[in-house]
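If you scroll down you'll find the structure; I have some questions about it.
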Amino acid sequence: MNAKLSPGLLHDPAAREHTDFAPGTLDAFWMPFTANRQFKSKPRLLARAEGMHYWTPEGRQVIDGVAGLWCVNAGHGRREIAAAVAAQLTTMEYAPTFQMGHPLAFELAHRLAELAPPGLDRVFFTNSGSESVDTALKIAIAYQRVRGLSGKTRLIGREKGYHGVGFGGVSVGGMVNNRKAFSSVMLPGVDHLPHTLDLEHNAFTRGLPHWGAHLANELERLIALHDAATIAAVIVEPISGSAGVILPPLGYLQRLREICDKNDILLIFDEVITGFGRTGKAFAAQTFEVTPDLMTTAKGLTNGAIPMGAVFAHRKVHDAFMQGPEHLVELFHGYTYSAHPAACAAALATLDIYAKEDLLTRAAGIAPLWENAVHTLEGLPHVIDVRNFGLIGAVELEPRPGKPGTRAFDVFLECFERGVMVRQTGDTIALSPPLIIEPAHITQIVAVLDEVIRATA
Ligand SMILES: Cc1ncc(COP(=O)(O)O)c(C=O)c1O
């Protein structure tokens, strides 16, 4: 090991081999969703990436079992994306999209509309999943108002839902740790459906569980309680990721759609993690054959290379705004970086890769192999459920008495030591590898998890 790495050297590629940090080097970065003190006492750094792998600063190879954070769907180090971004930055680094435009924004929206479920062919750009969610919620409420239904302002989310970290997303979300510090400042007029995770009925189901479609009927109860005339929209993730991979029971999403239609309520699918091929089609809406009215995306849109999000709106929603004097702004909402040129370039290059390599449907072909592999973990000590769909997997571990989350956290740490990056949430290990994964990678990921679960008390 070389001299200690100090703040001034952190950006220096020649210094990246150093793993010995001078005191204070890591202090300034307040890390998101991280146990900062634990991390900084034993940092886990990633310095380089290519294909299915990361490398640590010391040069240790780590296979990526989670596509970064569910975003690097086409695998790491895609030169086509880097080249497109570089070319765009040297041609025009920025252009506003408020009362102005640039060609790539229109081209990208058009390409996305072609990929989307029928009717969802109007696209509003954001910079993240959280912004996509807050944008969709605002569009839903404003849509009701432009139709003259200004009483329809309530939003219905779901327990254990994750919709990012904006006030809107946290309010409709249902992960208690994300909510409790902010409970007094949540959006008013929000209610939640029950979640659909039920180990008693569904543990170790392969693919979608058969039990639980009736839980969608809870929406009727909430409508009876609040009156449809007060409800703007229902938002759910077709598959919840952050709360530990929660799958929709067969028929559940169809039932939500029917109830929303019957009551003139918009249905929003948050496809931030399910979008762009994760379930075997471009969007989970297509895989599950349920078309929402609004669909939020981010992550895989640019393969994680440049921050960007997109909200897909049904044409009927968009068109409802296109009334009144033509010189007036129709929706008072947008971001300085909506459709940033570099992000558009990254997204277009990403869509080209997805098309050329058939990545948006690849998960469907490899899913049976993936399913068989992850289900070999059934029967290991402390494993209380294994769930899967498309290229998503989850292993739920029995919590240690009085210490929830620590068992899965230890599994996560040890997997990293043994060269596999997984994601831990509560006592669940979640898997969502890049869509370029090959059978040998699956074998490696599952073999290491198997070893580590057996070794973790
Ligand atoms: C379903 C869902 N919605 C929204 C978000 C928030 O996205 P971001 O972290 O880009 O704001 C996430 C992030 O994981 C997500 O999984």
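Each ligand, and each atom within it, is numbered from 1 in the order the structure gives. Because the structure is predicted, anything quoted here is derived from the model rather than measured.
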Counting distance only, does the side-chain N/O of S338 pair as donor-acceptor with the main-chain N or O of F125 below 3.5 Å?
->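 Looks like yes, one N/O pair under 3.5 Å.
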Ring centres of F269 and F288 under 6.0 Å apart?
->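 No, ring centres 6.0 Å or more apart.
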For atom 12 (C) of ligand 1, find the nearest protein heavy atom and state the residue, atom name and distance (0.1 Å precision).
->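 Atom 12 (C) of ligand 1 sits closest to the protein heavy atom Y162 CE2, 3.4 Å.
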For the pair T34 (side chain) and P32 (backbone), establish whether a donor and an acceptor sit closer than 3.5 Å, ignoring hydrogens and angles.
->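 Such a contact is found between T34 side chain and P32 backbone.
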So which protein heavy atom does atom 7 (O) of ligand 1 come closest to, and at what separation?
->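 Checked against all protein heavy atoms, atom 7 (O) of ligand 1 sits closest to G129 CA, 3.2 Å.
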H214 backbone acceptor or donor facing R255 side chain under 3.5 Å =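 Between the backbone of H214 and the side chain of R255 there is no qualifying donor-acceptor contact (under 3.5 Å).
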Quick check: does any side chain N or O of Q61 sit under 3.5 Å from a backbone N or O of H53, one acting as donor and the other as acceptor?
->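 No, the answer is negative, given that no donor and acceptor are paired below the 3.5 Å cut-off.
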Pick whichever of S132, G173, G164 has a heavy atom sitting closest to atom 4 (C) of ligand 1.
->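 Among S132, G173, G164, the closest heavy atom to atom 4 (C) of ligand 1 belongs to G164.
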For residues 164-172, which side-chain donor-acceptor pairs fall under 3.5 Å, sequence neighbours excluded?
from: S171; atom 1: OG; to: F167; atom 2: O; distance (Å): 2.6
from: S171; atom 1: OG; to: L187; atom 2: N; distance (Å): 2.8

Considering the heavy atoms of I273, write down every atom of ligand 1 situated less than 4.0 Å from one of them.
->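 Within the 4.0 Å cut-off of I273, ligand 1 contributes 16 (O).
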With a cut-off of 4.0 Å, which atoms of ligand 1 are near a heavy atom of E237?
->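 Those atoms are 1 (C).
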Side-chain donor/acceptor of R158 to backbone N/O of E237, under 3.5 Å |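 Yes, the answer is positive, given that a donor and an acceptor are paired below the 3.5 Å cut-off.
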Looking only at distance, does K299 have an N or O less than 3.5 Å from an N or O of ligand 1?
->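 Right, the criterion is met.
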Qualifying side-chain hydrogen bond (donor to acceptor under 3.5 Å, both in side chains) pairs, either residue in residues 294-304, two or more places apart |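 For residues 294-304: D270-T296.
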Numbering the atoms of ligand 1 from 1, which are under 4.0 Å from a heavy atom of S128?
->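 Atoms satisfying the 4.0 Å criterion: 10 (O), 11 (O).
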Output yes when the distance from some N or O of ligand 1 to some N or O of D270 is under 3.5 Å, and no in every other case.
->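 Among all N and O atoms of D270, at least one is under 3.5 Å from an N or O of ligand 1.
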Ligand 1 contact on S240 by region, counting heavy-atom pairs under 4.0 Å =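 Within the 4.0 Å criterion, S240 makes no contact with ligand 1.
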Less than 3.5 Å between some nitrogen or oxygen of S130 and one of ligand 1, yes or no?
->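 Between S130 and ligand 1, an N or O pair is found under 3.5 Å apart.
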Look at ligand 1 and say whether E131 reaches it with a heavy atom at a distance under 4.0 Å.
->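 It does not, in that no heavy atom of E131 comes within the 4.0 Å cut-off of ligand 1.
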Below 4.0 Å from any atom of ligand 1, is there a heavy atom belonging to A298?
->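 The answer is no, since A298 has no heavy atom less than 4.0 Å from ligand 1.
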